[in-house]
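Here the structure is a predicted model, which is why all the values come from computation and not from measurement. In what follows, every heavy atom counts, from backbone to side chain, and hydrogens, waters and symmetry copies are set aside.
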Amino acid sequence: RFFNCAVPVYSCNLKCSYCFVGQKDLSNRKDLNATLSPELIKQAFTTERTRGRALINLCGMGETLIPAEMIDIIRGLLENGQFVSVVTNCTLTNKIMQLCEMEKQYKDRLFIKCSFHYEELIRTNLLDVFFDNVQWLRENKISYILNQKNKNAKQKCKTNTQMYLS
């Protein structure tokens, strides 16, 4: 089974020119911490309720890992025996480190989709942070993919990946 969950977080630490989050004032929206608790989400996604193990994809309207509760939510889903995929811009080092500190049994069922926003990473001087965090995922044996949809950035992604991760 697959559950694609839109995480209600409307803030982001990046301001990509092509993203609606950076272009709209969404400050009146309620982020995750005002809506659902980690314990409630954990109860909603037990293997009994999902009729066995499931793959749960978590993707925010903004940066998925910003809410303080996000690591607890991910941990709770993993404790339930679920597989968890998280979409992130991979620039929040403290959150990446918390994922890397999880027990092996949880890291084995965790998959991180690292969104590669090349122009914004250059503009904000976060390219090194991004690849350092990807390296942490790699060293801690957490499955990941570098995801970028901008055709113009494909070669830059390939070149930087070879340079940073070889």
Side-chain angles (χ1 to χ4, degrees), residues 2-35 38 55-75 77-78 83-102 104 106-166:
F2 175 73
F3 295 88
N4 194 22
C5 301
V7 178
V9 57
Y10 300 94
S11 51
C12 187
N13 59 321
L14 301 180
K15 300 291 179 215
C16 301
S17 62
Y18 50 84
C19 180
F20 76 93
V21 172
Q23 307 307 313
K24 295 268 188 185
D25 178 15
L26 301 174
S27 57
N28 63 336
R29 297 280 185 117
K30 290 189 173 148
D31 277 353
L32 177 65
N33 59 4
T35 55
L55 172 58
I56 300 166
N57 183 63
L58 303 172
C59 184
M61 302 297 126
E63 169 49 41
T64 309
L65 293 178
I66 282 180
E69 306 84 357
M70 208 59 225
I71 299 298
D72 290 336
I73 289 168
I74 294 166
R75 177 177 287 284
L77 295 170
L78 292 166
F83 292 83
V84 178
S85 172
V86 181
V87 179
T88 176
N89 64 33
C90 209
T91 60
L92 300 178
T93 301
N94 62 330
K95 299 296 180 89
I96 298 297
M97 295 304 294
Q98 289 176 58
L99 295 174
C100 289
E101 292 167 357
M102 288 187 178
K104 181 185 182 315
Y106 300 149
K107 291 191 285 189
D108 287 347
R109 288 181 279 110
L110 182 59
F111 178 72
I112 307 298
K113 296 177 185 176
C114 306
S115 298
F116 186 69
H117 302 284
Y118 180 76
E119 289 84 6
E120 188 64 4
L121 293 171
I122 293 297
R123 187 189 73 76
T124 57
N125 201 30
L126 290 172
L127 187 64
D128 287 342
V129 171
F130 175 88
F131 279 107
D132 287 347
N133 289 339
V134 170
Q135 186 65 31
W136 276 109
L137 295 171
R138 185 180 191 184
E139 289 174 6
N140 283 276
K141 298 180 175 42
I142 295 175
S143 297
Y144 69 93
I145 187 170
L146 300 183
N147 185 24
Q148 70 81 34
K149 301 200 183 223
N150 181 339
K151 291 180 183 177
N152 297 331
K154 276 191 178 181
Q155 186 57 44
K156 291 174 182 163
C157 181
K158 182 178 178 183
T159 302
N160 282 281
T161 301
Q162 290 170 342
M163 182 175 69
Y164 281 93
L165 300 177
S166 57

Roughly how far apart are T124 OG1 and K15 NZ, rounded to 0.5 Å?
11.5 Å
Flag side-chain contact, heavy atom, 4.5 Å: L77 against L58:
yes
Side chain to side chain contact (heavy atoms under 4.5 Å, CB included) between R109 and V84, worked out:
CA-CA 6 Å; R109 288 181 279 110; V84 178; over 6 Å; no
Could you go through M70 and I73, starting from their C-alpha distance and side-chain angles, then the distance that decides it, and tell me whether this counts as side chain to side chain contact (heavy atoms under 4.5 Å, CB included)?
CA-CA 5 Å; M70 208 59 225; I73 289 168; 4.1 Å; yes
When rounded to the nearest 0.5 Å, the distance separating CZ of F3 from CG of N57 is 12.5 Å
Flag if over 12 foreign heavy atoms under 6.0 Å of CG, N125
no
Answer yes or no: is there a side-chain heavy-atom contact under 4.5 Å between D132 and T93?
no
Could you please spell out the steps behind the side chain to side chain contact (heavy atoms under 4.5 Å, CB included) verdict for L121 and F131?
CA-CA 10 Å; L121 293 171; F131 279 107; 6.0 Å; no
Side chain proximity check, K95 to I71, heavy atoms < 4.5 angstrom
yes
Here the pair of heavy atoms bringing C5 nearest to I56 is SG-CG2, 3.9 Å
Closest heavy-atom pair and its distance - V7, T64
CG2-CG2, 4.2 Å
Distance (rounded to the nearest 0.5 Å) between I112 CD1 and S85 OG:
7.0 Å
Do H117 and T91 have side chains that get closer than 4.5 Å, going by heavy atoms?
no
Please report the shortest heavy-atom distance between C12 and N89, naming the atom on each side.
SG-ND2, 3.8 Å
For V9 and G60 the tightest heavy-atom approach is CG1-CA, 3.6 Å
Could you tell me which non-hydrogen atom of W136 sits nearest to which non-hydrogen atom of N140, and how far apart they are?
O-ND2, 2.8 Å
Looking at L99, is its backbone amide N or carbonyl O close enough to the side chain of K107 to form a donor-acceptor pair, meaning the two atoms are under 3.5 Å apart?
no
If I take atom CG from residue L137 and atom CD1 from residue I96, how far apart are they, to the nearest 0.5 angstrom?
5.0 Å
Side chain proximity check, F111 to I145, heavy atoms < 4.5 angstrom:
yes
Should F130 and F116 count as side-chain neighbours, where that means a heavy-atom distance under 4.5 Å?
yes
Test side chain to side chain contact (heavy atoms under 4.5 Å, CB included) on R75 and Q98; report intermediate values, then the result.
CA-CA 10 Å; R75 177 177 287 284; Q98 289 176 58; over 6 Å; no
Modelled atom types, side-chain donor and acceptor of E63 and T88, under 3.5 Å
yes
CD/E119 to CG/L127 distance, rounded to the nearest 0.5 angstrom?
11.0 Å
Taking all non-hydrogen atoms of both residues into account, name the closest pair between C90 and C114 and its distance.
SG-SG, 3.7 Å
